[in-house]
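Here's the structure, in structure tokens; my notes come after.
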Protein chains: 2
Amino acid sequence: MARPRSFDPDDVLEIARQVFWRKGFQATSLDEITAASGIAKPSLYAAFGDKNALFLKVLDRYHDGILGWAERTLAQPGPARETIRQWLTGFIPYCSGEKGQHGCLSINSATDGSLDQAEVRRSIERYNRRLEELLRARLRADRAEFRKGFDPDITAHTIMVVHAGLLALAHQRPDSKQVKAVIDQVMGLLA
Amino acid sequence: MARPRSFDPDDVLEIARQVFWRKGFQATSLDEITAASGIAKPSLYAAFGDKNALFLKVLDRYHDGILGWAERTLAQPGPARETIRQWLTGFIPYCSGEKGQHGCLSINSATDGSLDQAEVRRSIERYNRRLEELLRARLRADRAEFRKGFDPDITAHTIMVVHAGLLALAHQRPDSKQVKAVIDQVMGLLA
DNA sequence: TGTATTCTGTACTTACAAGTACATAATGAA
DNA sequence: TTCATTATGTACTTGTAAGTACAGAATACA
């Protein structure tokens, strides 16, 4: 029994994500988000809280999207190595060329010293933990495919490191062939 | 025949590096640097130019320090794998625990969307290129140690990716044992 | 139709940071 | 000692961004 919202909050989060992704948290002003979204500041504040809270919502949504995709991809049948290779290969467009120039919002945020809000750190930690759990679970489940002495836990973490490294270096716009070559080489560890 | 400078510019760059490293470029105000260094703003501007120029000098100095150390380390005699392992192992204190919580100034800057100054990008690219060249040169020189088909160029890049990944994930303060395990596992690719 | 309620847009306040004007201090050289 | 020259410190201007007050608009329901 009141005036309804004139926008879909999820649409605005999507727009805010693009701006935050491109410019980073500090350098993004709410005025830029109002300009990009057409939503005035009081509406943003009413719907999402202050800038920190808005960013946290954007980041959580981003994490959820990637985790959902990882869950689906890593649940696929077949050899674990090929499944994981496919998952990593899916990141190539975001790790190379023009499209990769802004890297990963989560990595960018993790390396941003201005973001020392505890909740942002927690969101990133939870995201990394869950991603690594997915990899670890898959490697453990298919352990029989690998050599004696294969360590699924360390290997899962190594893959996380490579994943983070590719997305950190994405800002240099490397050639997609080079990224693929690195993935293929690292997959040699899954044997 | 004029009043001499009351400070050593290199000392100030060192202090500025610490502040920029901890808080990032955007979130660091010159007032914080004046507070940390005791040097007033007009002196900073006279000596280093504006905030962008100061940051660029800090970053170049940081890059030079790491490159110098890499040159010395990677020139050491012995098997290439052990030399490179030693070099990577030297990063462990900066990739783990309390000391690693701020990661690497170069990676942090590369992933900072607010730093789209062309000169900063160039400095980072040059740094990465030189580091990779050092690794590649060493792997090529000692190619005889490795199996037939070993690709020194791709391997050098893979090591760069792992290196970047470790420093990107350093913000999570991982255990140093875990970092060491990843390095050891990746060194398995040098065979 | 009227009213309570919530949303929206304009315009504001406040805070803070970048950069600088200017008066003054400290030196080397004459 | 005096002057030319460059550094320093105080205090300022300017710009910009976060957050909000308030008046008016849009709905559901009585």
Side-chain angles (χ1 to χ4, degrees), chain A residues 1-59 108-109 112-120, chain B residues 1-59 108-109 112-120:
Chain A
M1 71 207 240
R3 178 173 179 173
R5 209 164 253 158
S6 67
F7 58 92
D8 179 344
D10 202 62
D11 291 346
V12 176
L13 288 180
E14 172 59 24
I15 290 170
R17 193 198 59 160
Q18 293 171 13
V19 183
F20 278 129
W21 200 349
R22 188 152 33 82
K23 307 205 43 172
F25 173 75
Q26 278 279 336
T28 297
S29 72
L30 285 191
D31 289 336
E32 289 175 88
I33 294 178
T34 63
S37 65
I39 310 302
K41 265 192 287 187
S43 298
L44 290 179
Y45 276 85
F48 306 108
D50 66 9
K51 191 182 170 189
N52 290 319
L54 170 61
F55 183 78
L56 188 60
K57 286 188 173 63
V58 165
L59 189 61
N108 297 355
S109 304
D112 183 346
S114 72
L115 275 168
D116 58 354
Q117 321 171 46
E119 300 200 56
V120 168
Chain B
M1 70 211 239
R3 178 173 180 174
R5 208 165 252 156
S6 68
F7 58 91
D8 179 344
D10 202 61
D11 290 348
V12 176
L13 288 180
E14 172 59 24
I15 290 169
R17 193 199 59 160
Q18 293 170 15
V19 184
F20 278 129
W21 199 350
R22 188 152 33 82
K23 307 202 46 171
F25 174 75
Q26 279 279 336
T28 297
S29 73
L30 285 192
D31 289 335
E32 289 175 88
I33 294 178
T34 65
S37 65
I39 311 301
K41 265 192 284 186
S43 298
L44 290 179
Y45 275 86
F48 306 108
D50 66 8
K51 190 182 171 188
N52 289 319
L54 171 62
F55 182 77
L56 187 61
K57 286 187 174 64
V58 166
L59 190 61
N108 296 356
S109 304
D112 182 346
S114 72
L115 275 168
D116 58 355
Q117 323 172 45
E119 301 201 55
V120 168

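In what follows, chains are A, B, ... by sequence order, proteins preceding strands, each numbered from 1.
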Strand contacts (DNA chain C) in residues 4-21 of chain B, 4.0 angstrom heavy-atom criterion: P4(B)

Test log, rule side chain to side chain contact (heavy atoms under 4.5 Å, CB included), inputs V58(B) and F48(B): CA-CA 10 Å; V58(B) 166; F48(B) 306 108; over 6 Å; no

Among dT10(D), dT20(D), dG9(C), which is the nearest nucleotide to the side chain of A40(A)? dG9(C)

Minimum heavy-atom separation for I39(B) and V12(B), please, with both atom names. CG1-CG2, 3.9 Å

Look for any protein N or O under 3.5 Å of an N or O in nucleotides 28-30 of chain D and output each such pair with its distance, or none.
| residue | atom | partner | partner atom | Å |
| --- | --- | --- | --- | --- |
| dA28(D) | O4' | M1(A) | N | 3.4 |

Minimal heavy-atom distance between I15(B) and A36(B), with the atoms involved, is CG2-CB, 3.6 Å

Partners of D50(B) by side-chain contact (heavy atoms from CB on, under 4.5 Å), sequence neighbours excluded? Y45(B), N52(B), A53(B)

Just to verify, what does S114(B) make a side-chain hydrogen bond (donor to acceptor under 3.5 Å, both in side chains) with, not counting sequence neighbours? D112(B)

In whole Å, I'd like the distance from the CZ atom of F48(B) to the P atom of dG19(C). 15 Å

L56(A), V120(A), L59(A) screened by side chain to side chain contact (heavy atoms under 4.5 Å, CB included) with L115(A), the one that passes: V120(A)

Starting at OH of Y45(B) and ending at C1' of dC22(C), how long is that distance when rounded to a whole Å? 17 Å

How far apart are the closest heavy atoms of F25(B) and Q117(B), and which atoms are they? CZ-NE2, 4.2 Å

Spacing between I39(A) atom CD1 and dT10(C) atom C1', to the nearest angstrom: 16 Å

Considering non-hydrogen atoms only, spot the tightest contact between K51(A) and T28(A) and give its length. NZ-O, 2.8 Å

Rounding to an integer number of Å, can you tell me how far L54(A) CG sits from dA17(D) P? 16 Å

For residues 27-37 of chain A, which residues have at least one heavy atom under 4.0 Å from DNA chain D? T28(A), S29(A), L30(A)

Distance in angstrom units between F55(B) CZ and dA18(C) C1', rounded: 17 Å

Checking A46(B) now: which residues fulfil side-chain contact (heavy atoms from CB on, under 4.5 Å) with it, not counting sequence neighbours? none

OP1 or OP2 of dT8(D) sitting under 4.0 Å from any side-chain N/O of S43(B)? yes

What salt bridge (charged side-chain N to carboxylate O under 4.0 Å, His left out) pairs are there with at least one residue in residues 22-42 of chain B, not counting sequence neighbours? K23(B)-E32(B), D31(B)-K41(B)

Those residues that, when tested against R5(A), pass side-chain contact (heavy atoms from CB on, under 4.5 Å) (two or more places apart): F7(A), P9(A), A47(A)

Those residues at least two apart in sequence (or on a different chain) that pass salt bridge (charged side-chain N to carboxylate O under 4.0 Å, His left out) with D10(B) are R61(B)

Taking side-chain contact (heavy atoms from CB on, under 4.5 Å) as the definition, give me every residue that meets it alongside D116(A), ordered by chain and number, with sequence neighbours left out. R121(A)

Just checking E14(B): does its CD atom have more than 12 heavy atoms from other residues, nucleotides or ligands closer to it than 6.0 angstrom? yes

Which whole-number value in Å describes the distance from L44(A) CG to dT8(C) C1'? 11 Å

For K51(B) and for R3(B), locate the closest nucleotide of DNA chain C by heavy-atom distance; then report the residue assigned to the nucleotide nearer the 5' terminus. K51(B)

N/O contacts under 3.5 Å, protein versus nucleotides 11-13 of chain D?
none

